[in-house]
Amino acid sequence: MTNQEARKILITGASSGIGAALVRRAKALGWQVFTVDLHDADWSADLGDPGERATLAQTISGRCQTLDAVVCCAGLAPPGDPAKIVGVNFFGVTELLPKLLPLLQTSGSPRAVVVGSIASVYPTDNDLVRLCLAGQELEAIGRAGRTDGSLAYASSKQALAHWLRRNAVLPGWADRGVLLNGIAPGTVKTAMALPLLSTVEGRQKLARAAPIAVTDYAEPDDIAPILAFLASSENRFMVGQIPFIDGGSQLLRENMAA
């Protein structure tokens with residue numbers, strides 16, 4: 001991707017992993033980057049907390065008259081608290097992005113991008129997905145607390161994918177130029193995955209759950225370029241799409257199930 005005009009981009013989960021890789025990529029493109037994370041960011045916030053989300057949105061709106069792109073990279077994975085996983089992965093995106101939509105609508109080429117997961121095609125708790133999509137946060141968090149981390153994670157990512165595709169074409173989004181898209185990474189060598197990758201048992205578990213057709217798992221810097229493209233003005237016609245950036249995992253799983 002060629003260098004472009006200096007865009008204003010907000011990145012959540014910006015202090016590590018894919019988010020940090022995107023920060024580096026965006027700065028290399030000459031973009032003005034605003035960051036959100038629990039620490040080491042322009043704004044510190046727990047996106048799983050409704051009050052902190054609301055305060056964050058107000059703070060950003062007071063600081064920024066416009067945003068050209070918002071990229072939601074913040075997320076939690078097992079073995080974390082299932083309730084917290086759903087709070088951050090689903091509601092931390094779906095409750096924050098609409099609050100920032102007015103800022104995006106002032107841009108000449110606004111973009112919103114969400115980091116999903118290949119886990120969105122794994123088995124889920126259908127009731128949990130339904131509660132998420134109904135916007136019933138307290139009930140969804142309570143339901144998640146009665147599941148295990150892996151099920152909560154897959155459910156949060158599947159619900160997020162459904163939310164994205166529903167909202168991308170609603171009034172206020174694409175009709176105002178705000179192109180909403182996502183990506184579904186497979187296993188990436190981040191702090192979340194490294195504990196599994198560091199043991200034989202963990203690698204075997206990953207090979208069963210998310211086999212790859214390529215020779216190695218992705219680094220965060222392998223994922224950043226497509227996020228930067230989706231957040232750029234060069235992305236002119238993708239709406240509601242979630243490409244799998246997974247080294248072939250989705251296709252291998254489909255072939256094994258056939």
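All residue numbers in this chain count up from 1 along the given sequence.
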In this structure, would I60 and F91 fall into the same cluster of hydrophobic residues linked by side-chain contacts under 4.5 Å? yes
Within the supplied structure, the quantity of interest is the number of heavy atoms (other residues, nucleotides, ligands) at a distance under 6.0 Å from Q65 CD; does it exceed 12? no
Minimum heavy-atom separation for I85 to P78, with atom names? CD1-N, 3.8 Å
When you check the gap from the basic side-chain N to the acidic O, do E95 and R53 get nearer than 4.0 Å? no
Restricting to ring-ring contact (aromatic ring centres under 6.0 Å, His included), what partner residues turn up for W43, sequence neighbours left out? F34
Membership question, hydrophobic clusters at under 4.5 Å side-chain separation (ILVMFWY): are L164 and L97 in the same one? yes
If you measure from CG on L131 to CD on E137, what distance do you get to the nearest 0.5 Å? 11.5 Å
Tell me if the CZ atom of R165 is crowded by more than 12 foreign heavy atoms within 6.0 Å. no
So, applying side chain to side chain donor-acceptor pair (under 3.5 Å) with D68, which one of S233, S109, S107 is it? S107
Quick one: do R63 and D42 make a salt bridge, cutoff under 4.0 Å? no
Just verifying a value: how many Å separate T66 OG1 and L104 CG, rounded to the nearest 0.5 Å? 7.5 Å
Is it the case that more than 12 heavy atoms not belonging to R203 sit under 6.0 Å from its CZ atom? yes
Determine whether I141 and V93 fall in the same hydrophobic cluster, where Ile, Leu, Val, Met, Phe, Trp and Tyr are linked whenever their side-chain heavy atoms lie under 4.5 Å apart. yes
Only one of L128, D81, T147, L76 clears side chain to side chain contact (heavy atoms under 4.5 Å, CB included) with V86; which? L128
Go through the steps for T35 and D40 under the test side chain to side chain contact (heavy atoms under 4.5 Å, CB included), then give the verdict. CA-CA 9 Å; T35 59; D40 300 325; over 6 Å; no
Could you state the interatomic distance from CD (Q158) to OG (S120), rounded to the nearest 0.5 Å? 7.0 Å
Spell out, as yes or no, whether a donor-acceptor pair under 3.5 Å connects the side chain of Y122 to the backbone of A209. yes
Would I11 and V36 count as a side chain to side chain contact (heavy atoms under 4.5 Å, CB included) if you check the C-alpha gap in whole Å, the side-chain angles of each, and the deciding distance to 0.1 Å? CA-CA 6 Å; I11 303 170; V36 175; over 6 Å; no
Do L29 and V71 belong together in a cluster built from hydrophobic side chains that touch within less than 4.5 Å? yes
Rounded to the nearest 0.5 angstrom, the CE-CZ distance for M256 and R253 is 6.5 Å
Pair S61, L103 - check side chain to side chain contact (heavy atoms under 4.5 Å, CB included), show working. CA-CA 7 Å; S61 298; L103 295 179; 4.0 Å; yes
For residues I212 and S249, report the shortest heavy-atom separation together with the two atoms involved. CG2-OG, 3.6 Å
Quick one: do R111 and E234 make a salt bridge, cutoff under 4.0 Å? no
D175 side chain to W173 backbone, donor-acceptor under 3.5 Å: yes
For a 4.5 angstrom cut-off between non-hydrogen side-chain atoms, does L47 reach L96? yes
Non-hydrogen side-chain atoms of S15 and L38 separated by less than 4.5 Å: no
For the residue pair C132 and F90, what are the closest heavy atoms and their distance? O-CE2, 3.1 Å
Strictly distance-based, threshold 3.5 Å: is any side-chain N or O of D246 a donor or acceptor partner for the main-chain N or O of A184? no
Can you tell whether the side chains of D46 and K84 come within less than 4.0 Å, N to carboxylate O? yes
If you define the side chain from C-beta out and look only at heavy atoms, does anything of C73 sit under 4.5 Å from L227? yes
Under 3.5 Å, is there a donor-acceptor pair between the side chain of N235 and the main chain of S232? no
Check for me, please, whether V188 and I183 land in the same ILVMFWY cluster - side-chain distances under 4.5 Å, paths through other members count. yes
Donor-acceptor check, side chain of Q32 to backbone of K8, threshold 3.5 angstrom: yes or no? no
Residue pair A69 / A231: nearest heavy atoms and the distance that separates them: CB-O, 3.6 Å
Hey, are the side chains of P185 and F244 touching, using non-hydrogen atoms and a 4.5 Å cut-off? no
Test item: K189 and D216 side chains (from C-beta on) under 4.5 Å apart, heavy atoms: yes
Pairwise side-chain contact, Q241 with M238, heavy-atom cut-off 4.5 Å (strictly under): yes
Any side-chain heavy-atom pair from L206 and Y217 closer than 4.5 angstrom? yes
Once you round to the nearest 0.5 Å, how far does OG1 of T187 lie from CG of L197? 7.0 Å
Side-chain donor or acceptor of D37 paired with backbone N/O of A14 under 3.5 Å: yes
In Å, rounded to the nearest 0.5 Å, how long is the span from CD1 of I226 to CD1 of I18? 11.5 Å
May I ask you to test the V115-I223 pair for a side-chain heavy-atom distance under 4.5 Å? no
I need the single residue from V129, D125, N89 that forms a side chain to side chain contact (heavy atoms under 4.5 Å, CB included) with S156. Which is it? N89
Between S155 and T124 (side chain of the first, backbone of the second, donor and acceptor by atom type, cut-off under 3.5 Å), is there such a pair? no
Apply side chain to side chain contact (heavy atoms under 4.5 Å, CB included) to residues V239 and L180 and explain how you reach the verdict. CA-CA 6 Å; V239 177; L180 172 61; over 6 Å; no
Show the nearest heavy-atom pair for residues G17 and P220, with the distance to one decimal. O-CB, 3.6 Å
How close do K99 and P102 get, heavy atom to heavy atom, and via which atoms? O-CD, 3.5 Å
